[in-house]
Structure formats: structure tokens, C-alpha cells
There are 2 protein chains.
Amino acid sequence: MAWDQLFRFMQLQRARYSSLAAELDLSPVQASVLKELEPGTPVAMHALADALACDASNVTGIVDRLEARGLLERRESSHDRRVRMLMVTERGREVRASLLGRLRRPPQEIASLSRADQRTLARILKRAIAARAVTRVD
Amino acid sequence: MAWDQLFRFMQLQRARYSSLAAELDLSPVQASVLKELEPGTPVAMHALADALACDASNVTGIVDRLEARGLLERRESSHDRRVRMLMVTERGREVRASLLGRLRRPPQEIASLSRADQRTLARILKRAIAARAVTRVD
DNA sequence: TATTGTTATACTCTATAACTATA
DNA sequence: TATAGTTATAGAGTATAACAATA
């Protein structure tokens, strides 16, 4: 029952992410990449592939397009010459901040809940996510 | 705060849908189409485009591929000769049932919650979704 | 031998614009 | 005039397989 409601909610929210990303001329995946790249903290391409849950061969093209737009850059790894590290540029940092700002704003459905409901919701979801963290280790 | 947790949860769940669809050799969109087509209830192609929140021109190709696999069929509308109605075939009905069965199974995160938490979660989400239904009319 | 990233290839999804046949 | 669906086109995401460089 809880899952039914949650699944329905997620389905209703699905379009929001694409829409907010599109406002910044970003595809959903591009937005996800930018989200992953915390300014000042380089990320290896294979780590990004893991985060996106896609094949490494895709990352090349996705990164190519973001790099061509000047939102991130490839750097060398100091430890492993096979690895390319990704880091957002100054311009990428700005777009990322704008994106995160939009994503952080709660949608109407959540904003309309009472404070008590919001607190309860947060508490339960935190427990659910924690349960995942445990089983993930197995 | 509630939105932070919810957003994070949705992000963690994102891969699940694709993965369950892939088990049945369905792309995410193909799975969504099958989900929309309740057996015995024909749906117009433009209505499907609305449900998928995509351009009508895409639906042609998506439906072509599902029809080629014998999962659905195009029929004529009795009222408007411009309209094509879609209906799942018997084989499509089976695949759809299998898909819905998989999607309905709650993920680890939800299943691990107490009954009380699950009830509370369902109740709050129901309120949230209802709030959307109201603002949607505006 | 295994891993990292790239390339080549093929398929799917996506939007826009132009078209047809209907209404 | 407007709507439903198709086609043409172009771009982006996706997986698989093969490859070079490096570990």
C-alpha cells in the first residue's frame, strides 16, 4: 500500500526532473552528471559510469558534449595514467548551482503537507534509506 | 527536509524500473506503454502521447516496435476515422501482467519498514497526491 | 591478466517540421 | 481551420564488442 502510493508519486514526479533540467538546456543525464560533480572534487570517468548505472562507453559521449559546452573538463589522474578525472569548470559550477537550486525546491505536493506530516515523512524515508544502506553491504 | 529524503529515495529507485522492464526485454518507455494499456480498454494514440508526456511523432515508432513484437495492435476508431486505437494482444496481456507483478513488489527499503510506518507513509503520500489533483484543475 | 577509456556499430528515444486524411 | 497520425530528419542516450594504453 505504501509502495503503491510511493510508486504513483514517483510516476507523477518523473516529468519534473526532465523539465527542470531542460530549463538549463540540459538533458536528464547531463543534469545527473553535473549533480555528481561537486566543485573542487574530481571524479574518475568509471566512477561516473557507476553513478549513472550505465556502460562506460556512454560516458565518453556524454562528457564530450558537456566538455564542448565548457561545463566540465577532463584532467589527468596523479596516481593512474589510465584514469581521466572530471571536474566542473567555473561556468559548470554556476549551472550546477542553478540546477541544484531548482531541484531543491519542493514540488507542490510536498509543500502543501503540514509541518507535522513533512517531519514524519522525512523520518520514515530516512529509515527506509538506512535499511538499504545495510542490505547493500551484503 | 521531507523533499530531500524523498528526492534521494527516488534517485536510489531510479534504476529499478529500467531493470525490471529489461527482464522482460522492454525499454522503459515500452514498459510505460504496456502499463497504460489496460486489457480490453482501447486507448487512442494521442492519449498515449499525453500519458507519456512526449510528442505524438514518437508514439508511431514506439508502437511500431511493440506491434512488430505482437504485444499490441492498432485498431480503427468507430467514431473518428483519424484516430487509431491501441489494444494489447493476448501475448501483450501476459507480458503486461508479468511486468505489473514485478513493479508491484515493494523494494527492500519499503518492505523493511514496520507496518505502522508503512501505513503512515501511505496516508501522507495519499494526501500529497490529492493536493496535486486539486492544483491541477487551476 | 585485468582495468580505463575510446571507437565502431546498431538500436531506441526524442523533438521539430512538413505532410495526409480526416473533422 | 484544427486535429490525428505519419514521415523525414537530426541529435542524444544506450549496449556490445573490439581496441590501445596502462596497471
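Residue numbers begin at 1 in each chain, while the letters A, B, ... track the order of the sequences.
Proximity of a side-chain donor or acceptor of Arg96(A) to a complementary backbone N or O of Lys35(A) within less than 3.5 Å is detected. The main-chain N or O of Gln118(A) is never found under 3.5 Å from a side-chain atom of Trp3(B) such that the two would form a donor-acceptor pair. Using modelled atom types, one side-chain atom of Thr89(A) and one backbone atom of Leu71(A) make a donor-acceptor pair closer than 3.5 Å. Without hydrogens or angle criteria, Ser112(A) side chain to Gln108(A) main chain gives a donor-acceptor distance under 3.5 Å.
In Glu23(B), the CD atom is crowded: over 12 heavy atoms of neighbouring residues, nucleotides or ligands sit closer than 6.0 Å. Heavy atoms of other residues, nucleotides or ligands lying less than 6.0 angstrom from CZ of Arg74(B) number more than 12. Dense packing is recorded around CZ of Arg16(B), with more than 12 heavy atoms of other residues, nucleotides or ligands lying under 6.0 Å away.
Here the closest non-hydrogen pair linking Val43(A) and Ala47(A) is CG1-CB, 3.9 Å. Smallest separation of non-hydrogen atoms from Leu113(B) and Ala128(A): CD2-N, 3.9 Å. Between Ala21(B) and Ala31(B), the shortest heavy-atom distance links the atoms CB-CB, 3.8 Å. In plain terms, the two heavy atoms of Ala2(A) and Leu121(B) that are nearest each other are CB-CD2, 4.1 Å. When all heavy atoms of Ser98(A) and Leu24(A) are compared, the pair lying nearest together is OG-CD2, 3.5 Å.
dG5(C) atom P lies 16 Å from atom CZ of Arg75(A), rounded to whole Å.
Note that the two end axes of the helix from dT1(C)-dA23(D) to dA23(C)-dT1(D) enclose an angle of 0°, each drawn from 5 base pairs, rounded to 10 degrees.
Counting only heavy atoms from C-beta outward, the side chains of Leu6(A) and Gln13(B) never approach each other to under 4.5 Å. With contacts defined as side-chain heavy-atom distances shorter than 4.5 Å, the pair Leu66(B)/Val88(B) does not qualify. Between Arg69(A) and Val95(A), the closest side-chain pair of non-hydrogen atoms is not below 4.5 Å. Thr60(A) has its side chain out of reach of Arg84(A): every pair of non-hydrogen atoms, C-beta onward, lies at least 4.5 Å apart. Residues Val33(A) and Leu72(A) have side chains in contact (heavy-atom distance under 4.5 Å, counting atoms from C-beta outward).
Using a 4.0 Å cut-off between a side-chain N of Lys or Arg and a carboxylate O of Asp or Glu, Glu94(B) and Arg91(B) do not qualify as a salt bridge.
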Any protein N or O atoms within reach of nucleotides 20-22 of chain C? Criterion: under 3.5 Å, listing atom names and distances.
| from | atom 1 | to | atom 2 | distance (Å) |
| --- | --- | --- | --- | --- |
| dT22(C) | OP2 | Arg81(B) | NH2 | 3.4 |

Using atom names, set out every protein N or O paired with an N or O of nucleotides 7-11 of chain C below 3.5 Å, distance rounded to 0.1 Å.
none

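Toward the 5′ end of DNA chain D lies the nearest nucleotide of Arg74(B), the other residue of the pair Arg74(B) and Ile62(A) mapping further downstream. DNA chain D is contacted by both His79(A) and Leu52(A); Leu52(A) maps to the nucleotide lying nearer its 5′ end (nearest heavy atom per residue).
Heavy-atom contacts of chain A under 4.0 Å fall on DNA chain D between two terminal nucleotides, which in 5' to 3' order are dA12(D) to dA23(D).
Near DNA chain C, meaning a heavy atom under 4.0 Å away, the residues from residues 37-50 of chain A are Met45(A), His46(A). Heavy-atom distances under 4.0 Å link DNA chain D to Ser27(A), Val29(A), Gln30(A) of residues 27-35 of chain A, given in residue order.
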